[in-house]
Protein chains: 2
Amino acid sequence: MVGTVFLNRRFVAAARARVSVFDRGLLYGDGLFETLRVYRGEVFALDTHLARLRASAVFLGIPLPRLDWTEIIGALVQRNRLMVRDASVRITLTRGPASPGLVPPRRPHPTVLIVASPLAGNIARAQRRGVRVTLLPLARAADVLAGHKLLNYVPAILGRIAAASRNAFEALYVDERKRLSEGTTSNLFIVRDGHLFTPPAPRGVLPGITRRLVIDLARHERMPVHERTLRVPDLLAASEAFCTSSLIEIVPIVRVDDGAIATATPGPITRLLQRRYRAMVARS
Amino acid sequence: MVGTVFLNRRFVAAARARVSVFDRGLLYGDGLFETLRVYRGEVFALDTHLARLRASAVFLGIPLPRLDWTEIIGALVQRNRLMVRDASVRITLTRGPASPGLVPPRRPHPTVLIVASPLAGNIARAQRRGVRVTLLPLARAADVLAGHKLLNYVPAILGRIAAASRNAFEALYVDERKRLSEGTTSNLFIVRDGHLFTPPAPRGVLPGITRRLVIDLARHERMPVHERTLRVPDLLAASEAFCTSSLIEIVPIVRVDDGAIATATPGPITRLLQRRYRAMVARS
């Protein structure tokens, strides 16, 4: 279908157009795109699309390479023989390849991909006759998606950038009702009166594997564990708090922005669970 | 940092490991990942991670290739000389390369990428001393992100699959308060008493370029246009409705699931705006 694409300053045969597996677009969904319509060789509203792309690129901190977009897209349309039919052009911009890790490199080498393809489907008929649409519950979709480890990590990337700028190890998501869900790459636990609490998995929380293991370890120590809605005041009033993930295992939270959790030192239950976790790893 | 990766049934030098620019992981964020910890050459909780990956792959409809994961990851750790230090392993699964278009191919050729790298940062110190975290408003993040055309298109892909299975042209997102925001790849307008209504751009809606042009065209025709919260009953009670995007331009909505919009035929204002839009394209 597509014969030639434009990739990083060159026209390349589609079959040979490849990007590094370390491209942040692939690993984290760290990028943007624009879809434009081409009418018999003429691209429509290019400046407006580029303005939106540029504004979003500034928002994400991805430098947009300077290119002669009109000429490149014109050449692409010609090379793919799309001069006499209607076509679409997609511009994809990613933060480019980088070493693994959520926080972006200071000097990214962005990837620019431009693909021109024939317009799919019978749009003229849809425009003439009208169409049927269906309704999709947005909140349910968001909750369902939160349970899967999707490639889209832009919220986590932005969270990590915010955390780094505030000299914090992790950022915890809070909804408009002050409910805590999870961190960018970790689950949250708090301790109060010898009980362990963590936000419930079904709603907006990834069912973390370390989270599950910690719950099991705590129950094995006869510690009551509750999956319950937690709010910011619960965290600030906790006697201990910690976050968990496969990589960091169990990390004590001693401060939330400028507020201290209890005495701002790792608590005894957190340290006990750290020891038990390490012992479990050693046994495995 | 990383010397060798595993990509699609082969070990490949990291510098030469590439995927097609048509990989749906890159174009749409259409994929999943798992991050595992390796303790001195031993990967921890592999079965649990694979079970979660498998469950999410079933959810997305991506077939998970059969591989000897233990052997591959073991070999990868060895080849990258990570036997005597702590490391992380990331498994990335995408729906693989396909022709452009949101609806996935019936027989995908998934991409499997496995990368082993040294553990970054001083995690042991964080575990011992505890850390500071910061709070991140989730709802605001979601709203802010909705204004940018990010690569993450999994919600749109799922919406399009749902639409196709219900024989609908487009799926419209509805929140828990029955508010309509936009379609998977289009903006929404309704007509009532000669006035045009569309959900406001700042909240959860991509500022569509065609949306903006249609608003301007309508105002030029002295038609009052209101950016206002729209709910499902507003849509069902509309005299006309349509969706807009660069590719489809203006497409009349005549049915919402089993409900008809007015007489279930494209209305006069929709048709007028279609003509004006086409005239504008012809002039440009």
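Below, all heavy atoms of this structure are taken into account, side chains as well, without hydrogens, waters or symmetry copies. Letters A, B, ... mirror the listed sequences (proteins, then strands); counts begin at 1. Please read these numbers as outputs of a predicted model, since none were measured by experiment.
Considering only heavy-atom pairs separated by less than 4.5 Å from chain B, the leading option among Leu26(A), Asn152(A), Val133(A) is Val133(A). In terms of heavy-atom pairs under 4.5 angstrom with chain B, the leader among Val154(A), Val21(A), Val251(A), Ile123(A) is Val21(A). Heavy-atom pairs under 4.5 Å with chain B were tallied for Ala17(A), Pro266(A), Pro252(A); the largest tally goes to Pro252(A). Ranking Ala124(B), Ala51(B), Ala171(B) against chain A, the residue ahead of the rest is Ala171(B), based on heavy-atom pairs under 4.5 Å. Contact count against chain A (heavy-atom pairs under 4.5 Å) is highest for Leu247(B) among Leu93(B), Leu247(B), Val256(B). Listed options Leu36(B), Thr48(B), Val281(B) were ranked by heavy-atom pairs under 4.5 angstrom with chain A; first place goes to Val281(B). Taking chain B as the reference chain and counting heavy-atom pairs below 4.5 Å, the highest number among Thr35(A), Leu27(A), Thr111(A), Thr184(A) is found for Leu27(A). Of the residues considered (Val38(A), Val5(A), Asn167(A)), Asn167(A) shows the highest number of contacts with chain B, using heavy-atom pairs under 4.5 Å. In terms of non-hydrogen atom pairs under 4.5 Å with chain B, the most contact-rich of Gly25(A), Gly31(A), Gly29(A), Ala260(A) is Gly31(A). Between chain A and the residues Arg37(B), Lys149(B), Arg271(B), the largest count of heavy-atom pairs under 4.5 Å involves Lys149(B).
Heavy atoms of Val115(A) lying under 4.5 Å from chain B belong exclusively to its side chain. For chain B, the nearby parts of Ile253(A) are the backbone and the side chain; heavy atoms of each come within less than 4.5 Å. Proximity to chain A (any heavy atom under 4.5 Å) is restricted, for Phe22(B), to the side chain, taken from C-beta onward. Proximity to chain B (any heavy atom under 4.5 Å) is shown, for Ser88(A), by both the backbone and the side chain. At a 4.5 Å heavy-atom cutoff, the contact between Leu60(A) and chain B is made by side-chain atoms alone. If you measure heavy-atom distances from Tyr153(A) to chain B, the contacts under 4.5 Å come from the side chain alone. Neither the backbone nor the side chain of Ala264(B) comes within less than 4.5 Å of any heavy atom in chain A. Using a 4.5 Å cut-off between heavy atoms, Thr185(A) makes no contact with chain B at all. No part of Ala282(A) comes within reach of chain B, as not one of its non-hydrogen atoms sits under 4.5 angstrom from that chain. No part of Arg177(A) comes within reach of chain B, as not one of its non-hydrogen atoms sits under 4.5 angstrom from that chain. Of the two parts of Leu119(A), only the side chain, counted from C-beta on, holds a non-hydrogen atom closer than 4.5 Å to a non-hydrogen atom of chain B. At a 4.5 Å heavy-atom cutoff, the contact between Leu135(B) and chain A is made by backbone and side-chain atoms alike. The contact between Thr92(B) and chain A is made entirely by side chain atoms (from C-beta outward), counting heavy-atom distances below 4.5 Å. Of the atoms belonging to Ser284(B), it is side-chain heavy atoms, and not backbone ones, that fall under 4.5 Å from chain A. Using a 4.5 Å cut-off between heavy atoms, Arg129(A) touches chain B through its backbone atoms (N, CA, C, O) alone. Neither the backbone nor the side chain of Arg125(B) comes within contact range of chain A; no heavy atom of the residue lies under 4.5 Å from a heavy atom of that chain. With a 4.5 Å cut-off on non-hydrogen atoms, Glu249(A) touches chain B through its backbone and its side chain both. Using a 4.5 Å cut-off between heavy atoms, Glu34(B) touches chain A through backbone and side chain atoms alike. For Arg24(B), no part lies under 4.5 angstrom from a heavy atom of chain A. When heavy atoms are compared at a cutoff of 4.5 Å, Asp23(A) approaches chain B solely by way of its side chain, counted from C-beta outward. With a threshold of 4.5 angstrom between heavy atoms, Leu213(B) approaches chain A through side-chain atoms but not through N, CA, C or O. Heavy atoms of Val232(B) lying under 4.5 Å from chain A belong exclusively to its side chain. Heavy atoms closer than 4.5 Å to chain A are found in the side chain of Thr94(B), but not in its backbone.
Using a 4.5 Å heavy-atom threshold, the side chains of Ile114(B) and Val112(B) count as touching. Side-chain atoms of Val89(A) and Phe44(A), non-hydrogen and from C-beta on, never get closer than 4.5 Å to each other. Leu188(A) is not listed as a side-chain neighbour of Glu182(A), based on a closest heavy-atom distance of 4.5 Å or more. Between Leu32(A) and His148(B) there is a side-chain heavy-atom pair separated by less than 4.5 Å. Looking at heavy atoms from C-beta onward, Arg52(B) lies in side-chain contact with Ile209(A) at the 4.5 angstrom threshold.
Annotation: cation-pi geometry satisfied between Arg90(A) and Phe33(A) (NZ/CZ under 6.0 angstrom from ring centroid, within 45° of ring axis).
One finds the CD1 atom of Ile261(A) at 4.0 Å from the CG atom of Leu235(A) (value rounded to the nearest 0.5 Å). Summarising the geometry, atom CD belonging to Gln274(B) is positioned 6.0 Å from atom CD1 belonging to Ile250(B); distances are rounded to the nearest 0.5 Å. Atom CZ of Arg16(A) sits about 12.5 Å away from atom OG of Ser20(B), to the nearest 0.5 Å.
Arg160(B) and Glu170(B) are joined by a salt bridge, as a carboxylate oxygen and a charged side-chain nitrogen come within less than 4.0 angstrom of each other. We find that Asp258(B) and Arg166(B) are not joined by a salt bridge, their nearest charged nitrogen and carboxylate oxygen being 4.0 Å or further apart. For the pair Arg40(A) and Asp86(A), the salt-bridge criterion is not met [side-chain N within less than 4.0 Å of a carboxylate O].
Under the 3.5 Å distance criterion, the side-chain polar atoms of Ser165(A) are matched with a main-chain donor or acceptor of Ala162(A). Panel note: side chain Arg179(A), backbone Tyr173(A); no donor-acceptor pair is recorded below 3.5 Å. Under the 3.5 Å distance criterion, the side-chain polar atoms of Arg255(A) are left unmatched by any main-chain donor or acceptor of Arg132(B). Side-chain atoms of Tyr28(B) come within 3.5 Å of backbone N or O of Gly101(B) as a donor-acceptor pair. Looking only at distances, a side-chain donor or acceptor of Thr210(A) sits under 3.5 Å from a matching main-chain atom of Ser246(A). Judged by distance alone, with hydrogens and angles left aside, the side-chain atoms of Gln127(B) form a donor-acceptor pair with the main-chain N or O of Ile248(A) at under 3.5 Å.
Nearest heavy-atom pair across Ala163(A) and Thr134(B) is CA-CG2, 3.8 Å.
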